[in-house]
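The structure appears right after this line, and notes come after that.
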Amino acid sequence: MALNKLTNIEIHNAKPKGDGKARKLSDGGGLYLEVAQTGSKGWRFRYRFEGKEKLISFGSFEFVTMIEARKHRDDARKLLHEGVDPSEKRKKDKQDNNKSIDNTFEVVGDSWFESEKHNWGENHQEKVRGMLRRNLYRWIGQRPIRDLAGEPAKLLEILKNIEKQGKVETARRAKQVAGQVFRHGMILGHCDADPTQALQGRFKASKTKHRAAIIDPKEAGRLMLAIEGYQGTAEVSSALKLAPLVFVRPGELRHAEWSEIDWDKEQWVIPAEKMKMREGHIVPLSRQAMDVLRSVRIFTGDRRYVLPSARTIERPMSDNAVLTALRTMGYPKEKMSGHGFRALARTLLDEKLGYRVEWIEMQLAHNVREAHGRAYNRTAFLDGRREMMQGWADYLDELKEQARLS
């Protein structure tokens with residue numbers, strides 16, 4: 001069978017037949033150039049597969065050269081020799097390509113997030129979602145995850161840029177999140193590797209970060225006095241007053257809902273999905289805490305959140321609201337943080353008031369175990385903790401009055 005029969009001169013000079021039919025110039029091996037009545041020229045490949053005649057277009061001569069068309073023909077003939085239908089192979093390749101485009105890093109990342117979010121509290125969900133959007137999606141979100149899986153250098157470049165901004169811990173966490181997305185993609189068959197595994201040891205060791213906290217009684221009294229005099233919105237003022245009285249994690253306080261407040265039993269019941277340890281938690285409410293809740297209820301009682309956002313009632317207060325208020329009151333980040341109220345309570349309840357460590361740890365929602373190694377349930381020591389929370393609120397009032405008189 002003669003191949004490559006055409007020349008470029010013949011192709012350029014080829015004219016329509018003029019009888020209403022397309023003109024076909026054979027190049028051999030099933031490949032020919034079709035010249036339409038309009039003068040347009042296109043490459044076609046005719047072949048037989050399983051007894052049926054089939055036709056594939058290789059594109060217009062304007063964009064596909066003679067050499068390229070012959071390469072397409074030879075590839076198709078090789079497939080036929082291997083028992084593969086070139087037309088079906090082309091369809092499959094197109095489907096795979098579309099599938100690769102659809103399965104971008106962002107698509108797979110969102111799939112992973114949805115599959116895992118039930119294991120996290122709302123505060124952690126927000127952090128992970130922010131990590132994906134701010135540090136990963138904006139750079140590689142639209143890239144097919146299958147391609148990225150083979151480009152650890154690209155991921156390293158992005159993470160190093162984060163690290164260069166002094167955000168060493170953020171870069172480390174972004175790498176962890178990216179790794180989980182890639183492994184999720186591997187399970188779903190969207191990629192074949194986790195490139196983060198090749199980046200081990202490529203980042204600075206993060207330093208242990210100790211959250212700033214006031215633990216001296218006199219300083220604590222001055223802080224309580226400053227909180228009492230804070231001139232801000234009812235929501236932020238209430239958040240500042242509640243933080244030392246309930247000493248839950250900042251995210252747990254911000255996400256408090258009115259439906260979780262048991263007014264009769266004077267306690268706040270936090271559902272498991274909001275807690276870091278995924279265990280429901282009970283916070284006995286002192287008289288002082290109840291007073292704060294009654295006061296803020298006038299402003300937000302018709303809303304979902306006890307402390308809603310200043311921008312929209314559909315979301316809780318910003319995690320920066322309390323921090324900004326502390327700065328306004330003259331407490332820099334090196335002096336006091338939102339988590340600092342937990343350290344304050346943990347230290348003074350033990351060292352100054354002498355309450356049982358088990359009560360304190362349970363109230364901090366830490367994992368406390370019995371002598372046999374079993375974890376206590378959320379109602380453990382509840383009566384003792386109720387007594388402790390009232391004693392703690394009274395003690396804070398005493399420290400505040402001492403500061404007022406000093």
Side-chain angles (χ1 to χ4, degrees), residues 1-111 137-155 182 185-186 188-193 195:
M1 179 188 300
L3 298 177
N4 306 336
K5 295 187 291 184
L6 294 175
T7 66
N8 276 317
I9 293 177
E10 288 180 277
I11 295 171
H12 280 290
N13 293 335
K15 304 294 182 184
K17 291 177 65 175
D19 59 1
K21 297 181 180 180
R23 185 174 187 178
K24 299 176 182 179
L25 303 176
S26 175
D27 191 55
L31 176 66
Y32 65 90
L33 183 76
E34 183 176 280
V35 185
Q37 287 297 306
T38 60
S40 63
K41 303 170 184 177
W43 295 106
R44 307 288 185 266
F45 176 67
R46 190 183 302 278
Y47 67 98
R48 298 187 70 83
F49 187 81
E50 295 182 345
K52 296 181 180 180
E53 186 174 274
K54 294 192 172 187
L55 184 68
I56 298 178
S57 170
F58 287 157
S60 168
F61 173 69
E62 182 181 0
F63 302 107
V64 180
T65 67
M66 181 174 65
I67 294 176
E68 289 171 335
R70 288 170 176 172
K71 175 67 167 56
H72 293 325
R73 175 197 61 195
D74 295 343
D75 290 343
R77 285 167 58 83
K78 183 179 180 182
L79 288 172
L80 287 169
H81 181 72
E82 295 171 352
V84 177
D85 184 348
S87 180
E88 292 302 316
K89 177 66 164 58
R90 174 182 284 192
K91 290 178 183 179
K92 183 178 183 304
D93 288 346
K94 186 175 182 179
Q95 290 173 351
D96 289 344
N97 183 57
N98 289 337
K99 184 177 179 182
S100 176
I101 293 173
D102 290 340
N103 291 323
T104 62
F105 184 86
E106 182 171 348
V107 168
V108 178
D110 286 347
S111 172
Y137 287 173
R138 64 183 299 192
W139 306 114
I140 57 175
Q142 299 309 306
R143 292 284 306 282
I145 194 169
R146 188 176 297 278
D147 294 347
L148 284 169
E151 300 179 18
K154 177 63 177 177
L155 188 59
F182 279 111
M186 291 171 68
L188 297 180
H190 299 325
C191 61
D192 303 316

Discussion item. Evaluate Tyr32 against Phe45 for side-chain contact (heavy atoms from CB on, under 4.5 Å), listing each step before the verdict.
Written reply: CA-CA 6 Å; Tyr32 65 90; Phe45 176 67; over 6 Å; no

Practice prompt. List the steps and the verdict of side chain to side chain donor-acceptor pair (under 3.5 Å) for Asn4 and Arg70.
Written response: CA-CA 8 Å; Asn4 306 336; Arg70 288 170 176 172; 3.3 Å; yes

Item to complete: Check the pair Asp192 / Met186 against side-chain contact (heavy atoms from CB on, under 4.5 Å), numbers first and verdict last.
Response: CA-CA 6 Å; Asp192 303 316; Met186 291 171 68; over 6 Å; no

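Using a 4.5 Å cut-off on side-chain heavy atoms (C-beta onward), Arg44 and Leu31 make no contact. Residues Leu148 and Leu155 form no side-chain contact, since every pair of their non-hydrogen atoms from C-beta on lies 4.5 Å or further apart. The closest side-chain heavy-atom distance from Leu79 to Glu82 is below 4.5 Å. Residues Ser111 and Leu188 form a side-chain contact, since some pair of their non-hydrogen atoms from C-beta on lies under 4.5 Å apart. Residues Tyr47 and Arg77 form no side-chain contact, since every pair of their non-hydrogen atoms from C-beta on lies 4.5 Å or further apart. Under the 4.5 Å side-chain criterion, counting only non-hydrogen atoms from C-beta, Ile56 is in contact with Pro86.
Checking side-chain atoms of Arg23 against main-chain N and O of Lys15 turns up a donor-acceptor pair under 3.5 Å. At least one donor-acceptor pair closer than 3.5 Å links the side chain of Asp27 to the backbone N or O of Lys5. A donor-acceptor pair is defined here as one N or O able to donate and one able to accept, closer than 3.5 Å; no such pair exists between the side chain of Glu34 and the backbone of Trp43. Side chain of Arg73 to main chain of Phe58: no donor-acceptor pair is present (N/O by atom type, distance under 3.5 Å, no hydrogens or angles). Within the 3.5 Å criterion, the main-chain N or O of Lys24 finds no donor-acceptor partner in the side chain of Lys17.
The two residues Thr104 and Gln142 make their nearest non-hydrogen contact at CG2-O, 3.5 Å. Listed here is the closest heavy atom pair of Ser26 and Gly28: OG-N, 3.1 Å. For Ala149 against Ala193, the heavy-atom pair with the smallest separation is CB-O, 3.5 Å. Phe49 and Val84 get closest at one heavy-atom pair: CE1-C, 3.7 Å. Taking every heavy atom of both residues into account, Ala36 and Pro16 meet most closely at O-CG, 3.4 Å.
Summarising the geometry, atom CE belonging to Met66 is positioned 5.0 Å from atom CD1 belonging to Ile11; distances are rounded to the nearest 0.5 Å. In this structure, OG1 on Thr65 lies 12.0 Å from NZ on Lys71, to the nearest 0.5 angstrom. If you take CD on Glu151 and CD1 on Ile140, they are separated by 9.5 Å, rounding to the nearest 0.5 Å. Distance check: Leu25 CG to Asn13 CG gives 11.0 Å after rounding to the nearest 0.5 Å.
Within a 6.0 Å radius of CG in Leu55, other residues, nucleotides and ligands contribute more than 12 heavy atoms.
A salt bridge links Glu88 with Lys91: the distance from a Lys NZ or Arg NE/NH1/NH2 to an Asp or Glu carboxylate oxygen falls below 4.0 Å. Salt bridge status for Arg143 with Glu106: absent, with no side-chain N to carboxylate O gap under 4.0 Å.
For Glu53, the side chain to side chain donor-acceptor pair (under 3.5 Å) partners are Arg46, not counting sequence neighbours.
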